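Shown next, in structure tokens, is the structure this report addresses.
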Amino acid sequence: MDILKVEHLTKIYGSGENAVKALDDVSFTVSRGEFAAIVGESGSGKSTLLNCIGALDQPSGGKVYLNNTDIFAMSEKKRTIFRRRNIGFVFQSFHLVPELTVEQNIIFPLLLDYQKPDQAAVDEILDVLGLTKRRHHLPGQLSGGQQQRTAIGRALITRPMLILADEPTGNLDSQNSRDVVELLTTASRKYHQTILMITHNINLTSAADRVLRVSDGRLTDLGGTCNEKLS
Ligand SMILES: Nc1ncnc2c1ncn2[C@@H]1O[C@H](COP(=O)(O)OP(=O)(O)O)[C@@H](O)[C@H]1O
Ligand SMILES: [Mg+2]
């Protein structure tokens, strides 16, 4: 089943002489539980694509369907709630709340949505992330890798339909990068979590089910070429 359907997505920044076509007629689908990687040169349109899919940015044309819901057909207010409940984000720069502990950061999206966290689920996520002993630490007391694992926990806690990760390993050394991708892979296998991850590190795409390349705002599906060993 397709959880994400992108149809003829276009994004133009600016106008007239200064217009930049960041996305040029992008169409693709991602099925439930799939872990797809997006690669491409700097400036090719990868972040623009992810931001439009996550409704952090407004496309100039085209449609984004999440579980058959046209996310740009709803009001902005509804879209904000829909995003909070259905999409998890992981960014290069972690974006944790510095005053909150690891555990509080992880449950933050639930609190924003007036939901009561399920302590067993929180404990399980802390365990999967290897952060049980760090649950009461503040982000400033953690390594970069631990901070990113906390951000992944925050994305997982709502069991979103889709996790969007924009260069989640961009600020990490190679060992931590491998750990973070392994965690995303575990989430995809264990929870059938659908994930779309941008990476500039081609070595990290071997864990993905499928690789998509963005070049000059256009998308090419490279398939699951280097993934035989995982299947
Ligand atoms: N807010 C913006 N205003 C104008 N141009 C932008 C903006 N954001 C991105 N761009 C341009 O759109 C193109 C794609 O950018 P981006 O999606 O950030 O690429 P990538 O993530 O692949 O490095 C680039 O040419 C970039 O300069
Ligand atoms: Mg980018």
Side-chain angles (χ1 to χ4, degrees), residues 4-30 34-66 71-72 76 79-80 83 87-96 144-145 147-149 151-152 154-155 160 162-174 176-178 180-181 183-185 188 194-223 225-226:
L4 172 69
K5 191 159 74 175
V6 174
E7 284 184 347
H8 305 294
L9 205 66
T10 302
K11 176 70 185 181
I12 299 165
Y13 288 112
S15 59
E17 269 182 21
N18 299 321
V20 174
K21 202 173 209 178
L23 291 178
D24 186 3
D25 195 18
V26 170
S27 300
F28 69 104
T29 58
V30 176
E34 202 175 8
F35 182 11
I38 300 178
V39 299
E41 283 173 25
S42 176
S44 56
K46 305 182 298 297
S47 294
T48 305
L49 177 60
L50 228 68
N51 291 343
C52 285
I53 292 170
L56 297 175
D57 202 351
Q58 180 94 25
S60 308
K63 303 261 189 203
V64 176
Y65 298 94
L66 198 57
I71 61 170
F72 290 103
E76 198 173 332
R79 188 156 53 239
T80 302
R83 178 174 52 215
I87 306 178
F89 292 92
V90 182
F91 299 100
Q92 181 172 344
S93 48
F94 321 136
H95 288 303
L96 298 172
Q147 288 184 62
Q148 193 60 303
R149 281 188 265 148
I152 290 171
R154 181 183 55 189
L162 178 64
I163 286 185
L164 298 173
D166 191 346
E167 308 245 15
T169 65
N171 283 334
L172 302 178
D173 61 31
S174 51
N176 276 305
S177 296
R178 279 195 297 274
V180 158
V181 172
L183 262 181
L184 291 173
T185 312
S188 130
T194 314
I195 301 171
L196 202 50
M197 175 187 77
I198 295 176
T199 180
H200 60 271
N201 185 343
I202 212 85
N203 295 326
L204 297 179
T205 62
S206 58
D209 299 312
R210 191 152 59 110
V211 180
L212 306 162
R213 181 168 58 210
V214 179
S215 171
D216 251 343
R218 295 186 146 263
L219 183 125
T220 319
D221 191 336
L222 302 180
T225 43
C226 36

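Remember, predicted model here, so these are calculated numbers, not experimental data. Side chains included, hydrogens not; waters and symmetry mates left out as well; all remaining heavy atoms used. Just so you know, ligand 1 is whichever comes first in the structure, and atom 1 is the first atom listed for that ligand.
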Notebook entry, point to check: How are the rings of F91 and H95 set to each other: parallel, tilted or perpendicular (split at 30° and 60°)?
Noted result: perpendicular
Check: Given S42, G43, G45, which has its nearest heavy atom closest to atom 25 (O) of ligand 1?
Finding: G43
Check: Taking R83 for the side chain and A55 for the main chain, is one N or O donor matched with an acceptor at less than 3.5 Å?
Finding: yes
Next item on the list: Could you tell me if any non-hydrogen atom of S44 lies under 4.0 Å from any atom of ligand 1?
Entry: yes
Notebook entry, point to check: For the side chain of D209 and the backbone of F35, is there at least one donor-acceptor N/O pair under 3.5 Å apart?
Noted result: yes
Item checked: Other residues, nucleotides, ligands: >12 heavy atoms within 6.0 Å of R213 CZ -> no
Margin query: For a quick test of reading the model, state the closest non-hydrogen atom pair linking S60 to K11 and the distance between them.
Written below: OG-CA, 3.4 Å
Next item on the list: Output yes when a side-chain donor or acceptor of N51 lies under 3.5 Å from a complementary backbone atom of L56, and no otherwise.
Entry: no
Note to self: Walk me through whether Q148 and V90 qualify under side chain to side chain contact (heavy atoms under 4.5 Å, CB included).
What the structure shows: CA-CA 8 Å; Q148 193 60 303; V90 182; 3.5 Å; yes
Next item on the list: Check the Mg ion (ligand 2) and write out every protein N, O or S atom at under 2.8 Å, as residue and atom.
Entry: S47 OG
Next item on the list: Mark up the atoms of ligand 1 that fall under 4.0 Å of a heavy atom belonging to T48, in ascending order.
Entry: 14 (C), 15 (O), 16 (P), 17 (O)
Margin query: Show the atoms of ligand 1 that are less than 4.0 angstrom away from any heavy atom in E41.
Written below: 22 (O)
Margin query: Can you tell me how far apart OG1 (T205) and CD1 (I38) are? Round to the nearest 0.5 Å.
Written below: 12.5 Å
